[in-house]
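Here is the structure we will look at.
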Amino acid sequence: MRPTQAEAGTVSPGQCSLPPGGETFAESSLRQAWLDVLANDLDDGVPAPGVTRFQEHLGRNLAALAQQLTDGSYHPSDLTEVAISKPDGGLRQLHVPAVRDRVVARALLTVVTPLIDPHLGHAAYAYRPGLGVAEAVEAVAAARDEGLRWALRTDVDDCFPTTPVEVARRRFEALVDDPLIVECVRRLLARKVRLEDGRLTQGAGLAQGCALSPLLSNLVLVDVDEALADRGFRVVRYADDLAVLVATREQAWEAARCASAVLKEWGMALGADKTAVMSFDDGFAFLGEDFGPRYPPVVARGVEEPDRKVVYAGVQGSRLRVTKGRLLVESEADVELLSVPVSQVQRLVTFGSVGVSAGVRDWAVSNDVDVVFASRRGAYQASLVAAGSGARVSRLRAQVKLSGSVEALPMARAIVAAKIRHQLVLLRRSAVVEVADLIGTAVGAMEGYARMLDDCATTEEVMGLEGAAAAAYFPALGVLMPAELQFVLRSRQPPADLANSALSFLYTILLGECVTALYAAGLDPAFGLLHSDQDKRPSLALDLQEEFRPLVVDQVVLEATRQGRLRSEHARTEPNRPGIFLTKAGQRVLLEGYERRMLRATRGALPDFAGSWRRHLYRQAQRLRASIMEPGTPWTGLSWRP
């Protein structure tokens with residue numbers, strides 16, 4: 001079995017945004033963790049006696065706990081075994097931690113979740129910020145609407161008690177480079193269990209009452225997710241509850257055999273009494289939702305409607321002007337193509353020979369409306385931004401100093417690591433049985449390149465691995481598209497087919513947004529960390545763009561082709577010009593999909609941040625600024641969210 005990224009050490013310590021253990025265990029952090037523990041305990045309205053006793057001397061208890069954690073003298077108490085009734089009439093044994101240990105575990109969870117979450121893949125929907133039952137239900141319904149009419153419904157038998165603790169611990173430690181935190185987690189995992197008769201025993205698996213257990217369980221069960229995805233099966237997992245969506249009954253049973261084989265290696269097993277193959281036509285239940293041939297519908301949700309929107313102008317010979325508080329787009333024959341109040345315009349993007357009047361220029365720079373210029377073919381050319389948006393001298397000096405230096409290497413590694421992670425997610429969550437072998441080969445190669453990033457001594461070596469990963473990725477992405485639109489190689493100037501033309505077109509749009517986001521953060525887009533500085537190339541914008549390519553553009557293009565919105569008739573050729581280009585209708589399809597994606601609201605992709613993907617783009621630019629201004633401040637990529 002291929003090792004996971006966590007075991008192989010894909011993420012280097014230099015990429016972590018983890019505060020030092022001392023800060024994690026500061027009294028203020030423990031107090032916030034206590035509030036979380038208290039709120040959870042009061043769910044039933046009655047505080048537990050242990051919680052009440054801890055609260056009576058809260059200040060003293062938290063101060064003592066902070067001191068013990070910092071000086072290394074902290075030792076967790078034994079777990080207490082408690083039997084509770086199960087819905088089927090049986091009993092479940094819980095291992096309940098002491099209140100002070102619950103506070104410690106909660107403080108740890110808050111800090112390590114942003115670091116570990118990006119490695120939990122595409123299929124896990126439980127115990128992750130921004131993901132939950134609603135998103136899992138949506139994923140199942142979307143698979144049904146794509147033609148996957150059968151489902152394997154199953155779970156992991158006695159999941160927490162049978163989880164291999166040593167595997168979970170090793171994977172945790174591969175992602176967390178802080179001795180205080182690592183030692184604390186080791187002690188929590190080594191706790192003994194006090195039975196009801198007073199005897200002490202070494203408990204098996206993960207404690208069901210510990211806040212860290214779900215995260216550690218996810219680190220192990222990601223093997224099941226990836227093994228199924230690498231066979232071309234669509235996986236939706238909520239904790240230990242799985243739905244595997246496939247095209248035929250036979251594939252569903254094959255998925256069951258695959259999952260069983262993976263779990264057997266860890267001494268775990270599927271729940272025999274809950275394993276069944278069902279069809280959407282007959283109906284089945286999952287996560288409390290009843291699924292049928294058409295219910296529940298896939299509903300567009302989570303869109304963050306902006307106060308101002310983007311205007312795309314691409315009619316050749318047209319011109320833009322401002323009059324009476326409105327932005328007008330007029331054709332060469334003076335026909336009005338668009339009229340919109342200037343208060344509703346956030347940015348302008350023009351393609352080819354589109355005129356921009358002096359009035360539009362003055363209005364744009366006076367109202368912080370950026371203008372992006374692209375060629376008719378969609379290649380990025382330039383941006384117009386207000387003078388106040390430029391880099392300050394101190395930031396410019398910091399950029400010049402960092403660009404091309406050895407200090408930029410950890411950030412370069414992190415940028416490429418984030419991009420490859422998102423590429424892997426897109427391939428795995430989109431794979432189908434018919435091309436599973438090809439996808440699996442590409443995934444294996446890309447994971448290998450990702451593991452090599454830590455050994456790169458120069459940005460040139462990092463770029464070499466990025467290129468090698470792309471060479472494996474694009475043929476796999478191409479084969480996931482409908483037969484008439486499949487491609488083998490990524491071609492740019494000119495694009496050799498419709499799919500490549502679509503990718504290049506939206507990469508141009510995205511690059512323009514990255515330039516604007518960097519200017520808004522006070523950075524100069526020319527000084528790159530990963531991409532080398534070259535005249536007429538916004539190198540830092542290309543850096544910022546990397547992780548958003550698969551997360552936004554590649555996903556939009558793939559969905560547009562698979563849903564039949566982008567079709568072969570959207571391709572055109574031009575006399576005496578090589579390459580395949582998009583028709584106006586094709587551009588419109590892609591722009592609509594791009595805007596929907598950029599306006600999709602999400603949370604959990606970054607710690608303590610929520611909003612549209614467009615807002616995440618601007619936030620990542622701000623985080624780049626923080627890392628540039630304070631060398632050594634780590635920068636991390638986004639965690640995948642649908």
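Keep in mind that the numbers below use all heavy atoms, side chains included, and drop hydrogens, waters and symmetry copies.
A heavy-atom distance below 4.5 Å is found between the side chains of Leu606 and Gln620. Looking only at side-chain heavy atoms (C-beta outward), Asp370 and Tyr519 stay at 4.5 Å or farther from each other. Side chains of Leu148 and Val246 form no contact here, defined as non-hydrogen atoms less than 4.5 Å apart. Between Leu558 and Ser430 the shortest side-chain heavy-atom distance falls below 4.5 Å. Counting heavy atoms from C-beta on, the side chains of Tyr312 and Leu348 never come closer than 4.5 Å. Between Leu582 and Arg572, the closest side-chain pair of non-hydrogen atoms is not below 4.5 Å. For the pair Trp266 and Asp223, the minimum side-chain heavy-atom distance is below 4.5 Å. Side-chain contact check for Pro118 versus Thr636: every heavy-atom pair is 4.5 Å or farther apart.
Distance check: Ser504 OG to Ile580 CD1 gives 12.5 Å after rounding to the nearest 0.5 Å. Separation of atoms CG (Asp225) and CG (Leu120) is listed at 9.0 Å; rounding is to 0.5 Å. For the atom pair CD of Gln423 and CD of Glu546, the computed distance is 8.5 Å after rounding to the nearest 0.5 Å. Tyr127 OH to Tyr238 OH: the interatomic distance, rounded to the nearest 0.5 Å, is 6.5 Å. From Cys258, atom SG reaches atom CG of Asp230 across 8.5 Å, with rounding to the nearest 0.5 Å. Note: Gln251 CD to Leu245 CG = 11.5 Å, rounded to the nearest 0.5 Å.
Nearest approach of Ala621 to Leu518, heavy atoms of both residues: CB-CD2, 4.0 Å. Listed here is the closest heavy atom pair of Trp640 and His422: N-CE1, 3.9 Å. Nearest heavy atoms, Val515 versus Ala541: CG2-CB, 3.7 Å.
In terms of modelled atom types and a separation under 3.5 Å, the side chain of Ser491 and the main chain of Ala496 share a donor-acceptor contact. Under the 3.5 Å distance criterion, the side-chain polar atoms of Gln316 are matched with a main-chain donor or acceptor of Gly314. Judged by distance alone, with hydrogens and angles left aside, the side-chain atoms of Thr459 form no donor-acceptor pair with the main-chain N or O of Leu409 at under 3.5 Å.
Geometric assessment of Arg549 against the ring of Tyr507 yields a positive cation-pi assignment under the 6.0 Å and 45° thresholds.
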| field | Candidate pair Glu513 and Tyr594, rule side chain to side chain donor-acceptor pair (under 3.5 Å), full reasoning | value | CA-CA 12 Å; Glu513 294 216 45; Tyr594 176 83; 2.8 Å; yes

| query | Are Leu427 and Met446 close enough, and set up right, to give a side-chain contact (heavy atoms from CB on, under 4.5 Å), and what steps lead you there? | reply | CA-CA 11 Å; Leu427 292 182; Met446 293 169 65; 3.9 Å; yes

| task | Begin with the C-alpha distance, continue with both residues' side-chain angles, and end with the deciding distance and a verdict on side-chain contact (heavy atoms from CB on, under 4.5 Å) for Leu242 and Leu228. | result | CA-CA 11 Å; Leu242 285 93; Leu228 288 166; 4.1 Å; yes

| task | Please report the C-alpha distance between Thr602 and Arg600 in whole Å, then the side-chain angles of each, then the deciding distance to 0.1 Å, and finally whether the side chain to side chain donor-acceptor pair (under 3.5 Å) criterion is met. | result | CA-CA 6 Å; Thr602 191; Arg600 173 78 180 241; over 6 Å; no

| said: Show, in sequence, the C-alpha distance, side-chain angles and deciding distance for Phe373 and Phe351, and conclude whether the ring pair (Phe, Tyr, Trp, His ring centres under 6.0 Å) test is met. | reply: CA-CA 6 Å; Phe373 300 96; Phe351 298 92; over 10 Å; no

| message | If you apply the rule side-chain contact (heavy atoms from CB on, under 4.5 Å), what do you find for Gln555 with Arg429, and how did you get there? | response | CA-CA 10 Å; Gln555 184 164 312; Arg429 71 189 299 261; 3.6 Å; yes

| said: Let's go through Lys309 and Gln346 carefully: what are the C-alpha distance in whole Å and the side-chain angles of both, what is the deciding distance for side-chain contact (heavy atoms from CB on, under 4.5 Å) to 0.1 Å, and is it a yes or a no? | reply: CA-CA 5 Å; Lys309 299 186 178 181; Gln346 179 186 29; 5.8 Å; no

Let me check something: any side-chain donor-acceptor pairs from residues 474-484 under 3.5 Å, sequence neighbours excluded? List them with distances.
unit_1 : atom_1 : unit_2 : atom_2 : d
Glu484 : OE1    : Ser568 : OG     : 3.3

Show the atom names and distances, to 0.1 Å, of all donor-acceptor pairs under 3.5 Å that link a side chain in residues 460-470 to residues at least two apart or in another chain.
unit_1 : atom_1 : unit_2 : atom_2 : d
Glu460 : OE1    : Thr458 : OG1    : 3.4
Glu461 : OE1    : Ala457 : N      : 2.8
Glu466 : OE2    : Lys419 : NZ     : 2.5

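Between Phe291 and Phe286, the ring-plane angle classifies as tilted under the 30° and 60° cut-offs.
Between Arg234 and Glu146 a salt bridge is recorded (basic side-chain N to carboxylate O distance below 4.0 Å). Between Asp241 and Arg153 there is a salt bridge, with a side-chain nitrogen of the basic residue lying less than 4.0 Å from a carboxylate oxygen of the acidic one. The pair Arg144-Asp281 does not meet the salt-bridge criterion, since no charged nitrogen lies less than 4.0 angstrom from a carboxylate oxygen. Ion pairing between a basic and an acidic side chain is recognised when a charged N comes within 4.0 Å of a carboxylate O; Arg231 and Asp437 show no such pairing. A salt bridge between Glu135 and Arg237 is absent, with no side-chain N of the basic residue lying under 4.0 Å from a carboxylate O of the acidic one. Taking a cutoff of 4.0 Å between a charged side-chain nitrogen and a carboxylate oxygen, Arg614 and Glu595 qualify as a salt bridge. Residues Glu254 and Arg257 are paired through a salt bridge, judged by an N-O separation under 4.0 Å between the basic side chain and the carboxylate.
Crowding of Arg294 atom CZ: a count of heavy atoms from other residues, nucleotides or ligands under 6.0 Å not exceeding 12. The environment of CD in Gln493 is sparse: at most 12 heavy-atom neighbours from other residues, nucleotides or ligands sit within 6.0 Å. At most 12 non-hydrogen atoms from other residues, nucleotides or ligands lie less than 6.0 angstrom from CE of Met452.
Residues Ser375 and Gln381 bring no donor and acceptor atom of their side chains to less than 3.5 Å of each other. Side-chain atoms of Asn218 and Arg128 form no donor-acceptor pair, as typed in the model, at a separation below 3.5 Å. No donor-acceptor contact under 3.5 angstrom links the side chains of Asn500 and Arg492, judged on distance only.
Each of Leu511, Asp554, Leu590 was evaluated against Leu506; a single residue qualifies, Leu590, per the side-chain contact (heavy atoms from CB on, under 4.5 Å) test. Partner of Arg347 under the side-chain contact (heavy atoms from CB on, under 4.5 Å) criterion, chosen from Val311, Thr516, Val371: Thr516.
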